[in-house]
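Just below is one structure, and these are the notes that go with it.
All residue numbers in this chain count up from 1 along the given sequence. Please read these numbers as outputs of a predicted model, since none were measured by experiment.
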Amino acid sequence: QVQLVESGGGLVQAGDSLRLACAASGRTFSNYAMAWFRQAPGKERAFVAAISRSGGSTYNVDSVKGRFTISRDNAKNTVYLQMNSLKPEDTAVYYCAARTYGTTWSRTDEYDIWGQGTQVTVSS
């Protein structure tokens, strides 16, 4: 089973960019579809983006389309979230998650493994 460690969060201004990374331990990373979720204070954890095992298919929530891009490097056991044109409403703790099987990308209960999260704060 893989373990996930996120990095790359920080404090930025509106309009800036950040790239989050999620490094996975273990040798079975390519067996997992990966996703990014975020949780703002007082809100439920929400789906942001997902990527298939091979990286050939990606899915984004409407609010980040055109701004965020998910990608993965199976040789490096890492999934990324490139975030451009950041807005204050993007402020949240960002989590990466892994699953072997599921039917709905946005359902948190379909993910088997979670990272500890990384804080992203966007000031106006």
Task: Counterpart residues, ring-ring contact (aromatic ring centres under 6.0 Å, His included), relative to F47 (two or more places apart) - done: F37

Open item on the list: Restricting to ring-ring contact (aromatic ring centres under 6.0 Å, His included), what partner residues turn up for Y32, sequence neighbours left out?
Closed with: none

Within a strict 4.5 Å, meaning less than it, do heavy atoms of the [X] and [Y] side chains meet?
X: Q116; Y: V5; result: yes
X: V2; Y: N77; result: no
X: Q39; Y: T108; result: no
X: M83; Y: W36; result: no

Minimum heavy-atom distance between [X] and [Y], given as atom pair plus value:
X: A21; Y: T78; answer: CB-CG2, 4.1 Å
X: V12; Y: S17; answer: CG1-O, 4.5 Å
X: S54; Y: R72; answer: C-CD, 4.4 Å
X: E6; Y: G117; answer: OE1-N, 2.9 Å
X: G8; Y: L18; answer: O-CD2, 3.6 Å
X: L4; Y: A24; answer: CD2-CB, 3.7 Å

Task: Residue pairs involving residues 91-106 (criterion salt bridge (Lys or Arg N to Asp or Glu O under 4.0 Å); sequence neighbours excluded) - done: R99-E110

Open item on the list: Taking side-chain hydrogen bond (donor to acceptor under 3.5 Å, both in side chains) as the definition, give me every residue that meets it alongside T121, ordered by chain and number, with sequence neighbours left out.
Closed with: Q119

Task: With sequence neighbours excluded, residues passing side-chain hydrogen bond (donor to acceptor under 3.5 Å, both in side chains) with S106 - done: none

- [ ] Is it possible for you to say whether I70 and Y80 belong to one hydrophobic cluster, with membership spreading through side-chain heavy-atom contacts below 4.5 Å?
- [x] no

Got a sec, which pairs hit disulfide bond (SG atoms under 2.5 Å apart) with one end in [range], sequence neighbours left out?
range: residues 45-75; result: none
range: residues 36-66; result: none
range: residues 41-87; result: none
range: residues 16-124; result: C22-C96

Task: side-chain contact (heavy atoms from CB on, under 4.5 Å) partners for S30, two or more places apart - done: N74

Open item on the list: Donor-acceptor check, side chain of S25 to backbone of Q3, threshold 3.5 angstrom: yes or no?
Closed with: yes

Open item on the list: R67: which residues meet the salt bridge (Lys or Arg N to Asp or Glu O under 4.0 Å) condition with it, sequence neighbours left out?
Closed with: D90

Task: salt bridge (Lys or Arg N to Asp or Glu O under 4.0 Å) against K65, all qualifying residues, sequence neighbours excluded - done: D62

TODO: Could you grab the distance from atom OG of S52 to atom CE of M34, nearest 0.5 Å is fine?
DONE: 12.0 Å

Open item on the list: Please report the interatomic distance CH2(W105) to CD1(I51), rounded to the nearest 0.5 Å.
Closed with: 9.0 Å

Open item on the list: In terms of relative ring orientation, are F68 and Y94 parallel, tilted or perpendicular, with 30° and 60° separating the classes?
Closed with: tilted

